[in-house]
Protein chains: 2
Amino acid sequence: MTVTNSEGERPTGRGPRLVYLLNVAQRRVQAAIQGEGEGTTAARAGLLMAVGERGAAMAQLGPMLDLGAPALSGLIDRCMKAGLVERRPDPGDGRAWFVVLTEAGRKARVQAIEGARALNARLIEGFTDNEVEAVARWLEAVRDRFPREKDR
Amino acid sequence: MTVTNSEGERPTGRGPRLVYLLNVAQRRVQAAIQGEGEGTTAARAGLLMAVGERGAAMAQLGPMLDLGAPALSGLIDRCMKAGLVERRPDPGDGRAWFVVLTEAGRKARVQAIEGARALNARLIEGFTDNEVEAVARWLEAVRDRFPREKDR
DNA sequence: AATAGATAGTTCGTATGCGAAGTAAAGGGG
DNA sequence: CCCCTTTACTTCGCATACGAACTATCTATT
């Protein structure tokens, strides 16, 4: 049975506990992605998909994945260590770097896309298009109502 | 303008990108809570609220907050270091511990509840009850469709 | 009572992400 | 051409959470 905290000591005190549910749902999805492939993680899958077959500039990847520079830098480090991507200097800008997939990264990317498709299907199962649309709209509203410091 | 990745290299490849949005929204809310009070963080506020005025057993807190034992242990450590809570041995069970609020913890809890109320209001603003209900139902479905390993 | 098994927490290593601060290259006056 | 600001990343310390493995205690079974 689900934990309902019937004694009135719920995390938020009342209501649908959206903050709590949002947190839990996100962690469960993250864990589900981990469980899929071997070395796959949600963050790495996202990077692989964002990088794409043709590679991408780091400066582009941050906004794409909604990651700050330090998080992106570390993620790329770990993906490099895992042999999924490589850094290439930007010949036109000494500060900038491209990220390109390795052969293993290309294979992992295909799997990641496949996994994302399956996961998405499982996430919308049992909900009407209207409901899914409302959920997506709500998530986007949350994102837009709480912008990152830098973007504000 | 929002990043739309118009070249077809979106994180999920197509669709509403629910996984991505869920992740972003959760991080934004978390950051928003951080920004509220001084030492406040989402996890700590959750703990303070779950512990409650009368304190709670660690074994209860895990399910309440949907945290595993290691995460809860560390969270309590940090909250102890911050002077918000204390551990008390369970007289009836040498393995078990109670967590109780300190005076500072009680004050922080009141603020946390206040912040949670305000945050919740901001989260549902502009959405109908039906939409909010659909969102909550979806988040719960996600949670229930991807149970923790242990609970499965 | 002795022992096997379950339960409650802790510790450790890893992944993820953030903000603050540092480094290096690019750009824009003067 | 030099200096100052901006931009692109990196590094560092911290918070959060997970799984694996460990310790200590309790429970049930024999």
Side-chain angles (χ1 to χ4, degrees), chain A residues 23-35 38-47 56-63 65-82 84 87-99 146-152, chain B residues 23-35 38-47 56-63 65-82 84 87-99 146-152:
Chain A
N23 178 277
V24 175
Q26 135 66 19
R27 282 187 284 125
R28 295 292 177 85
V29 168
Q30 185 133 343
I33 297 173
Q34 227 100 2
E38 285 322 288
T40 359
T41 71
R44 290 176 190 191
L47 179 67
M58 269 191 70
Q60 306 302 312
L61 292 171
L65 298 167
D66 199 84
L67 288 180
L72 183 58
S73 190
L75 179 58
I76 293 173
D77 283 349
R78 292 187 298 273
C79 283
M80 280 182 66
K81 202 177 295 180
L84 298 172
R87 279 184 173 92
R88 301 246 196 250
D90 181 335
D93 187 335
R95 300 164 300 176
W97 294 83
F98 285 116
V99 181
F146 300 95
R148 322 193 110 211
E149 292 289 332
K150 293 175 186 169
D151 305 345
R152 207 162 37 178
Chain B
N23 179 277
V24 175
Q26 134 67 18
R27 282 187 285 124
R28 295 291 177 84
V29 169
Q30 184 133 344
I33 297 173
Q34 227 100 2
E38 286 321 291
T40 359
T41 71
R44 291 178 189 190
L47 179 67
M58 271 192 68
Q60 306 302 311
L61 291 171
L65 298 167
D66 200 84
L67 289 179
L72 182 59
S73 189
L75 179 57
I76 293 174
D77 283 349
R78 293 187 297 274
C79 284
M80 280 182 65
K81 203 178 295 180
L84 298 171
R87 278 184 172 93
R88 302 247 196 249
D90 181 335
D93 188 335
R95 300 164 299 177
W97 294 83
F98 285 116
V99 181
F146 300 95
R148 319 193 116 217
E149 291 289 331
K150 293 176 188 172
D151 306 346
R152 205 161 37 177

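All chains are named by letter (A, B, ...) in the order of the sequence lines, taking the proteins before the strands, and each is independently numbered beginning at 1.
Between A/R28 atom CZ and D/dA17 atom P the separation is 13 Å, expressed in whole Å. Rounded to whole Å, the distance from CG on A/D93 to P on D/dT6 is 17 Å. Distance CD1 (A/I76) to P (C/dT16): 12 Å, rounded to an integer number of Å. Following rounding to the nearest Å, A/R95 (CZ) and D/dT6 (P) show an atom-to-atom distance of 13 Å. We find that CG of B/L72 is positioned 8 Å from P of C/dG9, with the value rounded to whole Å. The distance between atom CH2 of A/W97 and atom C1' of C/dA25, rounded to the nearest whole Å, is 12 Å. Between B/M58 atom CE and C/dT11 atom P there is a gap of 11 Å when expressed in whole angstrom units. When rounded to the nearest whole Å, the span between CG of B/L61 and P of C/dT10 equals 11 Å.
To the nearest 0.5 angstrom, A/W97 atom CH2 is 10.5 Å from A/R88 atom CZ. Annotation: the span from B/L72 atom CG to B/C79 atom SG amounts to 9.5 Å, rounded to 0.5 Å. Rounded to the nearest 0.5 angstrom, A/L84 CG and A/L47 CG are separated by 8.5 Å. The distance from the CZ atom of B/R27 to the CG atom of A/L67 is 5.0 Å, given to the nearest 0.5 Å. If you take CG on B/N23 and CZ on B/R28, they are separated by 10.5 Å, rounding to the nearest 0.5 Å. The CD1 atom of A/I76 sits 6.0 Å away from the CG atom of A/L61 when rounded to the nearest 0.5 Å.
Remark: A/D77 pairs with A/R87 by the salt bridge (charged side-chain N to carboxylate O under 4.0 Å, His left out) rule, at least two apart or across chains.
With DNA chain C read from its 5' end, the first of the two nearest nucleotides for A/A42 and A/G94 is the one closest to A/A42.
Base contact: B/A69 has a heavy atom under 4.0 Å from a base atom. Using a 4.0 Å heavy-atom cutoff across all strands shown, B/D90 reaches no nucleic acid atom at all.
Axis deviation across the helix from C/dA1-D/dT30 to C/dG30-D/dC1 amounts to 0°, comparing end segments of five pairs, rounded to 10 degrees.
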Query raised in the report: When you check every protein heavy atom under 4.0 Å of nucleotides 17-22 of chain C, what one-letter string (B, S, -) results, 5' to 3'?
Result: SSBB--
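Side-chain proximity of B/A96 to the nucleotides C/dT10, C/dG9, D/dT10 is greatest for C/dG9. Closest to the side chain of A/S73, out of D/dT11, C/dA26, C/dT7, is D/dT11.
Within the 4.0 Å cut-off from OP1 or OP2 of D/dT16, at least one side-chain nitrogen or oxygen of B/R44 is found. Considering only side-chain N and O atoms, B/T41 lies under 4.0 angstrom from the phosphate OP1 or OP2 of D/dT16.
Side-chain contact check for B/Q30 and B/Q26: at least one donor-acceptor pair (N or O, by modelled atom type) lies under 3.5 Å.
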Report task. Just do the side-chain contact (heavy atoms from CB on, under 4.5 Å) check on B/M58 and B/D90 with the steps written out, would you? Result -> CA-CA 10 Å; B/M58 271 192 68; B/D90 181 335; over 6 Å; no
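Among A/V29, A/T41, A/T40, the single residue meeting the side-chain contact (heavy atoms from CB on, under 4.5 Å) criterion with A/Q34 is A/T41.
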